[in-house]
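Keep in mind that what you see is a predicted model, and the values were worked out from it rather than measured. Each chain gets a letter, A, B and so on, in the order the sequences are listed, and its residues count up from 1.
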Amino acid sequence: MIPAPESVSARLLAWYDRHARELLWRTGPAERARGIRPDPYRVWLSEVMLQQTTVAAVKDYFAKFTAKWPDVAALAAASEEDILKAWAGLGYYSRARNLKKCADAVVAEHGGNFPGTANALRALPGIGDYTAAAIAAIAFDEPAAVVDGNVERVVARLFAIDTPLPAAKKPIRERTGTLTPQDRPGDFAQAMMDLGATVCTPKRPACITCPLRDGCLALKAGDPERFPVRAPKRARPVRRGAAYVLTNDDGAVLLERRGPDGLLAGMTQVPTTGWNARADGATDTSEAPLPQAHWTDCGAISHVFTHFELRLSVFRAEGELEPDAHQWWSEPDAIAGEALPTVMKKVLVRALQHESGNERG
DNA sequence: AACTCGTGGCC
DNA sequence: TGGCCAAGAGT
């Protein structure tokens, strides 16, 4: 006997009314009671930031972005470079580039207002099936099936779906569609995600407090943690290369902008060997800028990307050179504002620590 | 369908 | 410690 849809949505919404998390981008219960809809711009911005990213990591970035760019027109007026600088550290940088493209499209093609249907939203850059459904449901009350990782887990358990992901995505979406109510679809979606984040967790789910425990087939089977079943993952290879931290007499660091495609596209880095996901680079100073300088070995840093681990040998030297077209000297006060991904911050910290260590020694 | 694309927190 | 995985999208 499968759980009845009306019972699931009613119990879940009642639970949400008591346990909803208060988040910057949500409207509170009082506003919802008065029929005040959340701002589609803020819903969109939060949903893009939350793609594969935790609530805790997003909070400060969301506050910074909405203070700096309070509406979609302001964001469209900003440069991609400034958006990448503000996004630095949050990861998945194609999201930031698509954010700019999407803001431009909303202004140019939709008169500065987000379209109000999942179908139209789906056509915008950086908005896929999940984000289109989430914006449509939360901001526009469309009963779209909102399926993220939380919902996949909740629904796979509720119906004891043992088909491994990603093959299970289609049946899970269909089940979610049957559960989604015509009334309060946005609250239903957010309730499913809150439930997955706080009760129906990947490890040690708190089934004793779950509003859906009566109908849950995974709990009935005695092992809710077994769901969702996932296909085995591939091994993560180690790649190697070298990074070169060159400073001049003013203490400025030589930086450069990465190309427009691939890993960390458009972001800032110190000069490095040509490491990528498929080929190692040299781990010595053979590819360093200003090769005649005295390069000091500062040791290595390690950084884990989604599908490979990168170990970079860090070298440091002092000297002057004329930056080429995509390079510049970044003064000490400017470095914090550069679009430096975390892996490059590790490189700079390693070079700096090594310098202070030498001074002590 | 399979692969690329970041980062941080958790146990 | 290292594997897991988090409000996925694009190709």
Describe the nucleic acid contact of K233(A) in one word from base, sugar-phosphate, nothing, applying a heavy-atom distance below 4.0 Å.
-> sugar-phosphate
For V146(A), which contact category applies under a 4.0 Å heavy-atom criterion: base, sugar-phosphate, or nothing?
-> nothing
Report yes or no: is there a donor-acceptor pair, N or O only, under 3.5 Å between the side chain of R95(A) and the base of dA7(C)?
-> no
Using a cut-off of 4.0 Å on non-hydrogen atoms, how would the nucleic acid contact of R97(A) be classed: base, sugar-phosphate, or nothing?
-> nothing
Hey, are D284(A) and S286(A) close enough side-chain-wise for a donor-acceptor pair under 3.5 Å?
-> yes
Same-atom distance (P) from dC11(B) to dA7(C), integer angstrom = 16 Å
In this structure, are over 12 heavy atoms from other groups packed under 6.0 Å from D183(A) atom CG?
-> no
Whole-Å C1' distance, dG8(B) and dT1(C) = 16 Å
Among the nucleotides dA7(C), dC5(B), dG8(C), whichever has the atom closest to the side chain of H307(A) is dC5(B)
Looking at every strand, decide which applies to R230(A) at a 4.0 Å heavy-atom threshold: base, sugar-phosphate, or nothing.
-> sugar-phosphate
Base, sugar-phosphate, or nothing for L23(A), non-hydrogen atoms under 4.0 angstrom?
-> base
Check whether the side chains of E338(A) and S330(A) place a donor and an acceptor atom closer than 3.5 Å, and report yes or no.
-> yes
Close aromatic pair by centroid cut-off 6.0 Å: H307(A) and F305(A) = no
Checking all strands, does G196(A) fall into the base, sugar-phosphate, or nothing category for heavy-atom contacts under 4.0 angstrom?
-> nothing
Spacing between M49(A) atom CE and dA9(C) atom P, to the nearest angstrom = 16 Å
Over how many whole Å does the gap from K346(A) atom NZ to dG8(B) atom P extend?
-> 7 Å
Where each residue is assigned the nucleotide of DNA chain B containing its nearest heavy atom, which of R234(A) and L264(A) is assigned the position nearer the 5′ end?
-> R234(A)
Among L254(A), L246(A), L312(A), L348(A), which residue meets the side-chain contact (heavy atoms from CB on, under 4.5 Å) test with V270(A)?
-> L348(A)
Whole angstrom value for the distance that separates P of dA7(C) from OH of Y16(A) | 14 Å
Give S46(A) one of three labels, base, sugar-phosphate or nothing, depending on what nucleic acid heavy atoms sit under 4.0 Å from its own.
-> nothing
Has the side chain of T53(A) got a donor or acceptor that lies under 3.5 Å from a partner of the other kind on the base of dG6(B)?
-> yes
Mind checking P125(A) for me? I need base, sugar-phosphate or nothing, with any heavy atom below 4.0 Å counting as a touch.
-> sugar-phosphate
Looking at every strand, decide which applies to T306(A) at a 4.0 Å heavy-atom threshold: base, sugar-phosphate, or nothing.
-> base
Nearest-nucleotide check on DNA chain C, I127(A) vs W25(A); residue mapping nearer the 5' end is W25(A)
Relative to the 5' end of DNA chain C, which residue comes earlier, A132(A) or T54(A), by the nucleotide with the nearest heavy atom?
-> T54(A)
Are the aromatic ring centres of W295(A) and Y244(A) under 6.0 angstrom apart?
-> yes
For V48(A), answer base if it contacts any base atom (sugar-phosphate contacts may also be present), sugar-phosphate if it contacts only those atoms, and nothing otherwise; contact means non-hydrogen atoms under 4.0 Å.
-> nothing
Rounded to whole Å, CG of D261(A) lies from C1' of dG10(C) at a distance of 12 Å
When you compare dA1(B) with dG8(C), how far apart are their C1' atoms, in angstrom units rounded to a whole number?
-> 16 Å
